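Contents: one structure, followed by commentary.
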2 protein chains.
Amino acid sequence: MIVLLLFLRRIISDMERLFSNLTITVHPKIYLKDPESSDLGLRIIEHSILLVDEIGFEAFTFKKLGQRIGSNESSIYRYFENKHKLLLYLTNWYWGWLEYKLVMETYSINSPKDKLKQALEVITRPVETDASFSHIDEIKLGQIVVNEFSKSYLTKEVDDENKEGYFAIYKRLIHRVRDMILESCPDYKHPASLASTVVDGALHQHFLMDHFTSITDCKKSSPPTVFFKHLVLNTLNIDA
Amino acid sequence: MIVLLLFLRRIISDMERLFSNLTITVHPKIYLKDPESSDLGLRIIEHSILLVDEIGFEAFTFKKLGQRIGSNESSIYRYFENKHKLLLYLTNWYWGWLEYKLVMETYSINSPKDKLKQALEVITRPVETDASFSHIDEIKLGQIVVNEFSKSYLTKEVDDENKEGYFAIYKRLIHRVRDMILESCPDYKHPASLASTVVDGALHQHFLMDHFTSITDCKKSSPPTVFFKHLVLNTLNIDA
DNA sequence: GCAAAAATAATAGTAATACTATCAAGTATC
DNA sequence: GATACTTGATAGTATTACTATTATTTTTGC
């Protein structure tokens, strides 16, 4: 009994350590100075999420952000070259966070099909808050990803930035889903396309729920998860 | 025999009339002055497609376009309020054109399943040129839709612009696909989501083929059409 | 063929954006 | 207490995204 208690205590302490030290790693070339390394940096991240969510990425400027956090435009430029890089930082952080959730929530599942189902759950469900990161409003960041992520790669600089590794986390997340699809269904011919379609499609369906309801069937009572689980499982001929 | 010849002649003449008079209708509130109504207007459309394709929508300005067509910035402003409206015009034109292709190429097919298959073909295949519209480079316009369309609705003004009807053609196209899905499979619960996923997903897969090849299986030899046909037909339990 | 109207061009000007550069002030560190 | 580092303040530049005005050219209606 005491042994069990001690054992449990060790697990809990392990988890606490894991959680308290946990930081999502973003490619260092995306920033000039690591925003996690200072108070100002953390405030830049915290309030850029709030401000972009409020006024949209187009209207967002470093000047407005500076006014908001009582800091100077020029100081923000010491952390990020421009607002595009800041958007890359935010979306990278999001995909890193989602990847972490995906790994955590599927790690201990042995059945490939159950694993895949749980992965679909994590990827297509609405974003929920995570107390581990006090400076990040995950729900608003999720909205930013829905509304702005595609603008981060639909540019003339994609290929260069892709070579630099700015989209590596996003692609790695999709590779993980692809591999889970393959484990469930080794003969399926389009695992990467299916994985990317689900990840992109989930963002798209969430957008449609908010703005173009006539071209989606998703709603609060039947969220994207339902649609995508049915889609993937039927495509792979796996029974629900 | 003569009767038959006369009959054929009438059909051909009908088609010619149809084709020669054919214009894709774009919501009039998108422009200040109809670009199809003048030589300058046509040149604006023709060269905006070339220029946006070349330098991307972000770097595109009315000033550059003016220089390119030997015309003045201020003259272009008489046709379009701003470059966002011009993008709306171009993408509206594209979706109107694709809808016309969809209707033409599926109209005479009676079997709902064959009709749906042909619809998937039209929507997911690479864009091909259409000699009917001399001022439009359909292939480049298709590239613009892949790279820029989502920017036209991922804005803070979507809801207002949607109310104005700026996205009506796009939504109508998806409704047509949704209805074809329902005719093939009346019990399927997510026809609109499936239709919007295919339309958006097709653009996305074309983008991935060009820039993020590791997260797609699509390539010249196995284009998005193959993936999406398999996806839709399996989801609906229709045998290929 | 000419006057009126319409379309286009030219020019100028404004506010905002997206920065860069410089210098001053405050803070941390050794 | 000197030094390095961070942040703040100010100024300045080129470009963008327009608006306004006036001049010139083209179209058209009679």
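Hydrogens, waters and symmetry mates are skipped; everything else that's a heavy atom, side chains included, is used. Chain identifiers are assigned alphabetically (A, B, ...) following the order of the sequence lines, protein sequences preceding nucleic acid strands; residue numbering begins at 1 within each chain. Just so you know, these numbers come straight off a predicted model, no measurement behind them.
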Exercise. Let me see the working for A/Phe212 and A/Phe207 under side chain to side chain contact (heavy atoms under 4.5 Å, CB included), right down to the final yes or no.
Key: CA-CA 8 Å; A/Phe212 294 149; A/Phe207 180 86; 4.1 Å; yes
Practice problem: Have a look at A/Phe62 and say if it touches a base, only the backbone sugar-phosphate, or nothing, with a 4.0 Å heavy-atom cut-off. | Solution: nothing
Separation of atom [atom1] in [X] from atom [atom2] in [N], rounded to whole Å:
{"X": "B/Tyr77", "N": "D/dA20", "atom1": "OH", "atom2": "P", "result": "13 Å"}
{"X": "A/Phe80", "N": "C/dC19", "atom1": "CZ", "atom2": "C1'", "result": "17 Å"}
{"X": "A/Leu86", "N": "C/dA18", "atom1": "CG", "atom2": "C1'", "result": "14 Å"}
{"X": "B/Leu65", "N": "C/dA9", "atom1": "CG", "atom2": "C1'", "result": "15 Å"}
{"X": "B/Lys85", "N": "D/dA17", "atom1": "NZ", "atom2": "C1'", "result": "15 Å"}
{"X": "B/Lys64", "N": "D/dA17", "atom1": "NZ", "atom2": "P", "result": "9 Å"}
{"X": "B/Ile76", "N": "D/dT16", "atom1": "CD1", "atom2": "P", "result": "14 Å"}
{"X": "B/Lys63", "N": "D/dT19", "atom1": "NZ", "atom2": "P", "result": "16 Å"}

Practice problem: Let me have a per-nucleotide readout for nucleotides 3-11 of chain D, 5' to 3', with B, S or -, counting only protein heavy atoms under 4.0 Å. | Solution: ---SBBBB-
Quiz item: Between B/Ser48 and B/Tyr89, is any side-chain donor less than 3.5 angstrom from a side-chain acceptor?
Solution: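 No, because no side-chain N or O of B/Ser48 sits under 3.5 Å from a partner of the opposite role on B/Tyr89.
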Quiz item: Have A/Glu58 and B/Thr155 got a donor and an acceptor in their side chains that come within less than 3.5 Å?
Solution: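 A/Glu58 vs B/Thr155: no donor-acceptor pair found between side chains.
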Self-check item: A/Arg68 side, atom CZ; A/Phe60 side, atom CZ - distance, nearest 0.5 Å
Solution: 10.0 Å
Exercise. State whether A/Lys83 places a side-chain N or O below 4.0 Å from either non-bridging phosphate oxygen (OP1 or OP2) of C/dT17.
Key: no
Quiz prompt | Residue that, paired with B/Phe149, satisfies ring pair (Phe, Tyr, Trp, His ring centres under 6.0 Å) out of B/Tyr94, B/Phe167, B/Trp95 | solution =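 Per the ring pair (Phe, Tyr, Trp, His ring centres under 6.0 Å) rule, the option paired with B/Phe149 is B/Trp95, out of B/Tyr94, B/Phe167, B/Trp95.
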Exercise. Take A/Arg78 and A/Leu32 through the test side chain to side chain contact (heavy atoms under 4.5 Å, CB included) and record every step on the way to the result.
Key: CA-CA 6 Å; A/Arg78 288 207 188 81; A/Leu32 296 170; 5.9 Å; no
